[in-house]
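See below for the structure under consideration.
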Amino acid sequence: MKTDRSTEMFRVASQYMPGGVNSPVRAFKAVGGNPIFIKEAHGAKVIDVDGNAYIDYVGSWGPLILGHSHPQVVEAVCSMASRGTSFGAPCEAEIELASLICAAIPSMEMVRMVNSGTEAAMSAVRLARAYTGRDKIVKFEGCYHGHADSFLIKAGSGLLTSGVPTSPGVPASIGELTLIATYNDLESVIELFNEYGKEIAAVIVEPAAGNMGLVIPDYEFLDGLRQLTLKNGSLLIFDEVITGFRACYGGFQNIVGIRPDLTILGKIIGGGLPVGAYGGSREIMQRVSPQGDVYQAGTLSGNPLAMIAGVETLKILADDDWYDRLEVLTYYLTGKLKTIFENHGLLYEINRLASMFTVFFTEELVENYTAVLSCDTQKYGAFHQALLNEGVYFPPAQFETGFISCAHDMEDVNETAEAVDRALSIIQG
Ligand SMILES: *Cc1c(COP(=O)(O)O)cnc(C)c1O
């Protein structure tokens with residue numbers, strides 16, 4: 001596949017933007033090769049600046065559950081744009097999106113719109129700290145909640161020590177407020193509560209983990225977090241930026257039947273435009289300014305284009321049996337991939353949930369972060385490059401989740417399976 005124009009654009013982009021990109025994983029550093037520059041995208045396909053088409057399993061990292069440039073979403077955005085792109089004042093579309101979200105996710109009685117998942121997570125933690133009057137939070141290794149200082153933290157050396165920053169620029173004193181626990185390991189959280197119980201404002205967790213590749217939660221783990229936080233007067237925060245409206249029309253919390261105190265949303269609820277949101281019970285959310293004293297604001301928050309794209313997306317999702325179809329198609333694809341990997345005699349593990357999946361290059365069952373780290377990332381990189389060359393765009397990192405959209409069909413999936421077969425033959429020489 002010829003990608004000369006992408007290569008040239010990457011060279012120029014690198015002169016003006018650090019690493020040539022505006023978000024790190026796009027630079028393909030985890031898989032090797034140069035990123036391809038996208039010219040346009042429709043349905044299940046993205047087209048690069050050299051004119052190559054790829055079946056896309058990234059979906060802009062999750063938002064595009066309807067596929068790229070869905071005609072009804074585009075129409076709604078264009079129609080709104082002709083009336084104004086930003087008002088900096090209340091508009092009706094905000095009520096529409098807020099009411100759709102609160103109706104679909106019962107734990108969210110009130111919601112605040114922001115512009116990204118990062119902003120939502122950061123603001124939810126501020127609110128939890130204000131509400132509980134405590135400073136520490138518990139986060140799980142391998143979970144991602146955006147790039148606010150409090151979340152760029154890993155475990156310190158030694159048991160039960162507080163966290164240390166994973167990035168320069170994050171003060172060590174902030175790291176000390178973030179306690180790190182192990183996903184799917186309730187015992188690790190119990191130990192932290194035994195030590196710091198009365199200092200913990202909140203436990204924040206992805207109810208299904210999508211940022212270390214896909215890792216499926218144990219019900220007992222999530223339920224245990226609910227019991228533990230209730231008992232200790234801490235809040236439970238579900239980060240549903242990926243899982244919100246992904247596995248059903250609502251949160252993953254609707255499926256497991258666990259009611260968190262605060263929920264963070266993003267991605268799908270913005271229909272491909274920049275949106276985040278956080279919400280919870282009326283009692284907690286009333287603390288947010290201007291009703292309450294916890295400050296949080298945004299010039300473009302509740303932006304009419306983003307709101308209308310979200311409203312249109314949710315309406316379409318509510319209108320048909322999309323979630324059933326997505327589930328079947330994902331089941332079908334991962335089934336085919338299993339057969340192909342076995343035929344090639346390769347060690348692999350596939351995790352799948354609703355329309356999310358990850359192919360892990362490992363022989364271990366992947367149920368936690370330690371197992372994730374056992375993956376052969378070099379082999380994944382080679383696979384990714386070979387697959388790209390065959391016209392299929394998988395996530396450019398082993399530890400990211402693949403997504404199937406409503407625009408994917410059997411033909412796409414069959415083509416993908418054939419491309420994977422060829423790519424595996426190539427990397428195995
Ligand atoms: C993507 C993501 C975020 C961050 O959202 P941005 O809009 O990229 O800031 C937060 N939490 C989870 C679970 C995510 O997947």
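Counting starts at 1 for both ligands and their atoms, in listed order. FYI, the numbering just counts along the sequence from 1.
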Does S116 have any side chain to side chain contact (heavy atoms under 4.5 Å, CB included) partners at least two apart in sequence or in another chain, and if so, which? T118, E119
Enumerate donor-acceptor pairs with a distance under 3.5 Å from any side-chain N or O in residues 264-283 to protein atoms, sequence neighbours excluded.
| residue | atom | partner | partner atom | Å |
| --- | --- | --- | --- | --- |
| Y278 | OH | Q296 | OE1 | 2.8 |
| S281 | OG | I284 | N | 3.3 |
| E283 | OE2 | Y131 | OH | 2.5 |

Check against ring-ring contact (aromatic ring centres under 6.0 Å, His included), Y380 and Y348: CA-CA 10 Å; Y380 181 84; Y348 75 97; over 10 Å; no
Under-4.0 Å salt bridge between D321 and R325: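 Result for this pair is yes, salt bridge flagged.
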Find all protein N or O atoms under 3.5 angstrom from an N or O atom of ligand 1 and list the pairs with distances, or write 'none'.
| residue | atom | partner | partner atom | Å |
| --- | --- | --- | --- | --- |
| ligand 1 | 5 (O) | G117 | N | 3.4 |
| ligand 1 | 7 (O) | G117 | N | 2.9 |
| ligand 1 | 9 (O) | G117 | N | 3.4 |
| ligand 1 | 9 (O) | T118 | N | 2.8 |
| ligand 1 | 9 (O) | T118 | OG1 | 2.7 |
| ligand 1 | 11 (N) | Y144 | O | 3.2 |
| ligand 1 | 11 (N) | D239 | OD1 | 3.3 |
| ligand 1 | 11 (N) | D239 | OD2 | 2.7 |
| ligand 1 | 15 (O) | N211 | ND2 | 3.0 |
| ligand 1 | 15 (O) | K267 | NZ | 2.6 |

Gap between atom CG of L314 and atom CD of E96 - 0.5 Å precision: 10.5 Å
Distance-only check: which donor-acceptor pairs under 3.5 Å involve side-chain atoms of residues 26-46, not counting sequence neighbours?
| residue | atom | partner | partner atom | Å |
| --- | --- | --- | --- | --- |
| E40 | OE1 | H42 | NE2 | 2.6 |
| H42 | ND1 | S69 | OG | 3.3 |

